[in-house]
Undergrad: 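Have a look at the structure that comes next, please.
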Amino acid sequence: MNVAATQEALYHTHDLDLSWSEATLPERERTKHVHRLHPYLGKFIPQLVEVMLARHVREGGRVLDPFAGSGTTLVQALESGYDATGVDIAGFNALLVRVKTRPYNLVALRRDLLWAHAEAEAFEPRGLYPEEASDYVRTWYAPAAAEELLHFRGLVEQVGSADVLRVILARSARSARRTTHFDLEFPREPQLEPYWCFKHRRECRPVTAARRFLLRYTLDTLDRIEAFAAARTPDCVARTLHGDARTIDLEGPYDGIITSPPYPGLIDYHEQHRYAYELLGIDERRNLELGRPARGTGLAAIKEYMEGVSGVLENARSSLVLGGRMCIVVNDRRDLYSEILQRAGLRLVDRHERHVNRRTGRRAGEYYESILVAVAR
Ligand SMILES: C[S@@+](CC[C@H](N)C(=O)[O-])C[C@H]1O[C@@H](n2cnc3c(N)ncnc32)[C@H](O)[C@@H]1O
């Protein structure tokens with residue numbers, strides 16, 4: 001029996017101007033333009049950032065996100081007329097944010113991407129693993145898919161838009177893995193045979209080629225970057241720093257901070273893009289990622305998590321202008337954040353609760369998060 005309230009009923013009974021139902025804020029709006037350049041598990045939505053900026057950060061000011069993730073804060077900041085800086089420890093996330101937020105020469109970008117599209121279209125796989133295919137590639141990709149992906153990788157360095165091609169390659173590599181359709185986030189082993197697909201309610205087959213993804217995502221990426229170029233505020237700039245936000249020089253001062261820390265033991269932010277690290281050879285810094293599931297959720301892991309997050313927030317706090325606000329989006333079911341704020345030298349001045357729409361109205365009642373608004377003590 002379904003006992004959860006429907007989204008509409010739920011939103012009617014809560015004063016949640018920070019909560020949006022599927023009907024008022026459909027998926028295509030939450031993932032408009034560059035927000036959809038590559039899947040990322042654990043992001044917040046741009047509309048939430050938009051409201052937080054308007055409420056808590058001086059108009060036209062500089063904003064920081066020390067846990068930048070897929071770059072939602074930075075992209076929205078550019079759209080709303082702010083300069084922004086983001087930090088992330090995961091190299092692929094830093095690459096993705098840079099590709100989303102840097103300014104482009106659109107003529108050169110179009111030329112590079114259409115050239116890569118034509119090259120990928122003309123390539124004919126032989127159905128054999130290339131010699132340079134790693135164990136990972138041989139395990140997770142069918143021979144033709146491996147050939148197409150590695151051929152595309154060979155195109156990357158040949159154009160100025162190399163980082164954009166890297167993101168297209170990663171997105172295609174994600175879709176072309178031999179996995180079931182319902183286990184794309186963290187597949188444990190390759191799916192080699194046809195299987196009953198719970199998502200599509202029919203028998204599905206594992207992917208054998210990467211070509212259609214490479215072609216489709218190349219054109220989609222071009223469209224999305226062009227759409228964002230028209231939506232971003234001229235002269236606003238974003239900077240992306242790859243490193244540990246506890247210790248990195250944040251290059252402040254900032255008029256406000258909008259961020260969402262990782263939660264303990266929930267998502268491995270390096271592992272979710274494993275294929276990108278494997279194919280692109282990006283530098284991994286897993287040991288510095290806070291809250292990693294591999295650490296568990298025992299007492300020692302929680303202590304380490306609290307020290308880590310308060311270290312980041314303290315570093316961020318010291319980069320704020322006098323009276324500047326820090327908005328921290330959390331699901332604090334372990335009740336860790338009053339102590340984390342205390343240790344980081346922060347004082348809570350406001351708190352909003354919001355319902356998180358997880359797309360299906362059936363599960364409407366299940367997930368809430370808080371936005372903690374803090375200032376330096
Ligand atoms: C909840 S996600 C942020 C998602 C982001 N709000 C978005 O919308 O995409 C947390 C991020 O913190 C990053 N992270 C974890 N430990 C870090 C550290 N020590 N320094 C900087 N970033 C870190 C993770 O790699 C992950 O991308």
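Note that these values count all heavy atoms, side chains included, but never hydrogens, waters or copies made by symmetry. One-based numbering, in listed order, for ligands and for the atoms of each. Residue numbers start at 1 and run along the sequence shown.
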Undergrad: Strictly under 4.0 angstrom, heavy-atom based: which residues surround ligand 1?
TA: Tyr40, Gly42, Lys43, Phe44, Pro66, Phe67, Ala68, Gly69, Ser70, Gly71, Thr72, Asp88, Ile89, Ala90, Asn93, Gly243, Asp244, Ala245, Ser260, Pro261, Pro262, Tyr269, Leu288, Glu289, Leu290
Undergrad: Quick one, Leu149 and Val137 - any side-chain contact, counting heavy atoms below 4.5 Å?
TA: no
Undergrad: Does Ser80 use its side chain to pair, donor to acceptor, with the backbone of Ala77 at less than 3.5 Å?
TA: no
Undergrad: Between Phe152 and Ile168, is a side chain to side chain contact (heavy atoms under 4.5 Å, CB included) present by the stated rule, with each step listed?
TA: CA-CA 9 Å; Phe152 198 86; Ile168 295 167; 4.0 Å; yes
Undergrad: Considering only Ile, Leu, Val, Met, Phe, Trp and Tyr, and joining two whenever side-chain heavy atoms are under 4.5 Å apart, list the other residues clustered with Trp196.
TA: Phe182, Tyr195, Phe198
Undergrad: Can Ser19 and Arg354 be counted as having a side-chain donor-acceptor contact under 3.5 angstrom?
TA: no
Undergrad: Taking 4.0 angstrom as the limit, do Arg62 and Asp83 come out as a salt bridge?
TA: no
